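Step one of this worksheet: look at the structure below.
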Amino acid sequence: MAEGNYLFKPIKIGNKISENRIVINAMECCDSDNDGSPGEKTYRRYKRYFEGGSGIVVLEAITVGYESRSRLNQLSIMPRNEKALSKFIKEVKAINPKTLFFLQITHSGELSNPNFSRKVCVKPLPGFGGDVLSEEDVESIIDQFVISAKIAHSAGADGVDVKLCHGYLGSQFLRPFNDRKWKYGGSWENRTRFAYKIYERIQNEIKDSNFIVGSKVSIWEGFPGGCGSAGPDTAIIDLSESLDLVKGIEARGAKFILVSAGSPSITLALSQPDKKIPDDVYLHFTFQKAVKNAVKPGTVVIGSAYSVLRDGKNNLQAVNSDEASLKYWGNKNIKDGVTDMIAIGRQSLADCYMASKLKTGKDKDVNWCTACDQCIELLIRQKNVGCCTYDKEYVEALRKIRREEGLLKAKRT
Ligand SMILES: Cc1cc2nc3c(=O)[nH]c(=O)nc-3n(C[C@H](O)[C@H](O)[C@H](O)COP(=O)(O)O)c2cc1C
Ligand code: SF4
């Protein structure tokens, strides 16, 4: 048994301290107001996250440019949102000033929704595509990232997560698939230019050693030419570029690496291990360990994809359930030097009070995520997102959507 309370040991991250090792992962819930600023439901969710006792909360993917969004009600971080974001950050942090708050800044690139925004790409990927970006376009997107980081800083956030994962623009540049001959493609030096320029400019222009910068990275995306594959036409795992990337951003000031995998629009079960076949969670452990070995002591590694483990009642085989739970693996992986912290994604929607319940020995009171993925159904349908198992409001919302669609289908036939 990996007993001990490793999950509740404080840890230094940059110049700050996280009270424990539990992170609320970025979780888009599509409930901004019409300006892209936090709406009523956004306030409610984050106030609860701050009550919930996790060491760090990462704000969901917040777009640096309104023209390239993947969700209609996605949060935005542009000069026009600064006042609203300052108010929001002040209010949620007042609930628990010890919890650190990072904002995940992003651009959707080829995952932008063409129904209401401009879909753009570095090189058209089959089934995705969009307008091919010019070098001038890329330079203005880099400006947008830097402006957003400055807004996050002046609005009172503890840091930013420069999103380099899950198939959004930051990861699209890095892929071996991006073999287009241009300043931002082809050689590894060119493919990392976008990420490195953002880091270098943030360091040069913010100049605050208390402001924490890091990235969530898809170590292996799991399709031919994706990040972490051995070439543009193979999916065979070769982590050399991904590990070089984490060292590259670390050298440019990254204080944490949030390790993820997959690209949910392409390889969903890899990013978010599936309840029927949860085994990919072990791949995540392997990637976390590889990153931990690659970075310097002091750079904080945060592992993700732990939700599927639950209280040990999951579909993992050949293990006893008391050695298969989120709590067991969280403690063991921290103790064994696989990761420094664990992030919870779906589990944070199911029960954002998990950290405080585990800390006070109320494990039995935790609403364990069933990994039913109905919250993703709401996300895909561009609706307000919440847990469709434990939160009556979202259980009812999903029911209503399905009923209305059923009626529409019946009318059509
Ligand atoms: C509804 C929903 C929204 C998500 N939004 C984001 C997001 O904004 N940014 C991000 O990096 N990952 C996002 N993810 C992925 C999670 O942060 C996390 O990486 C993934 O769910 C695996 O962790 P888990 O097994 O703990 O859920 C989202 C996942 C879900 C289900
Ligand atoms: S809807 Fe299902 S997968 Fe999503 S948080 Fe709730 S229990 Fe977990």
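Just so it is clear, the values below take in all heavy atoms, side chains as well, and ignore hydrogens, waters and symmetry mates. If you're wondering where the values come from, they're calculated on a predicted model, not measured in any experiment. Both counts, for ligands and for their atoms, begin at 1 and track the order of listing.
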Inset, instruction - Determine, considering heavy atoms only, which of K216, H284, Q272 sits nearest to atom 19 (O) of ligand 1. - result: K216

Inset, instruction - Using distance alone, determine whether I376 and ligand 1 share an N or O pair under 3.5 Å. - result: no

Inset, instruction - Kindly confirm or rule out a cation-pi arrangement of R252 over Y196, judged by NZ or CZ under 6.0 Å from the six-membered ring centre and within 45° of its axis? - result: yes

Legend entry - R346 N/O under 3.5 Å from ligand 1 N/O: yes

Legend entry - ligand 1 atoms in contact with A61 (distance to a heavy atom under 4.0 Å): 8 (O)

Legend entry - Numbered atoms and elements of ligand 1 in range of Q104, under 4.0 angstrom, heavy atoms: 7 (C), 8 (O), 9 (N), 10 (C), 11 (O)

Legend entry - Residue list, salt bridge (Lys or Arg N to Asp or Glu O under 4.0 Å) with D365, at least two apart or on another chain: none

Inset, instruction - Could you say whether the N/O atoms of S307 and ligand 1 ever approach to under 3.5 Å? - result: yes

Inset, instruction - Would you check whether G345 has a nitrogen or oxygen atom less than 3.5 angstrom from a nitrogen or oxygen atom of ligand 1? - result: yes

Inset, instruction - Please determine, by modelled atom types, if Y353 and N367 share a side-chain donor-acceptor pair under 3.5 angstrom. - result: no

Legend entry - Nearest heavy atoms of G167 and S171, plus distance in Å: N-OG, 3.1 Å

Legend entry - Candidate list Y6, Y306, Y328, test side chain to side chain donor-acceptor pair (under 3.5 Å), partner N333, passing option: Y306

Legend entry - Counterpart residues, salt bridge (Lys or Arg N to Asp or Glu O under 4.0 Å), relative to K119 (two or more places apart): none

Legend entry - Salt bridge flag under 4.0 Å for residues R201 and D143: yes

Inset, instruction - Taking the six-membered ring of Y66 (Phe, Tyr or Trp), confirm whether the NZ or CZ of R80 is under 6.0 Å from its centre and within 45° of its axis. - result: yes

Inset, instruction - Establish, for the pair K93 and F50, whether the NZ or CZ atom is under 6.0 angstrom from the six-membered ring centre and no further than 45 degrees off its axis. - result: no

Inset, instruction - Test side chain to side chain contact (heavy atoms under 4.5 Å, CB included) on R21 and F8 and set out the steps. - result: CA-CA 6 Å; R21 307 299 182 97; F8 291 97; over 6 Å; no

Legend entry - Which residues share a side-chain hydrogen bond (donor to acceptor under 3.5 Å, both in side chains) with S86, sequence neighbours left out: none

Inset, instruction - Show all protein N/O/S atoms under 2.8 Å from atom 8 (Fe) of ligand 2, or state that there are none. - result: C369 SG

Legend entry - Polar side chain donor-acceptor pair, N178 to K123, under 3.5 angstrom: no

Inset, instruction - Record the part of S271 in heavy-atom contact with ligand 1 below 4.0 Å; permitted values are side chain, backbone, both and neither. - result: backbone

Legend entry - atom 4 (C) of ligand 1 - nearest protein heavy atom and its distance: E28 N, 3.4 Å

Legend entry - ligand 1 contact on Q347 by region, counting heavy-atom pairs under 4.0 Å: neither

Legend entry - Shortest protein contact, atom 2 (C) of ligand 1 (heavy atom only): M27 CE, 3.6 Å

Inset, instruction - Any atoms of ligand 1 less than 4.0 Å from a non-hydrogen atom of N25? List them with their elements. - result: 17 (O), 18 (C), 19 (O)

Legend entry - Short N or O distance, A26 and ligand 1, threshold 3.5 Å exclusive: yes

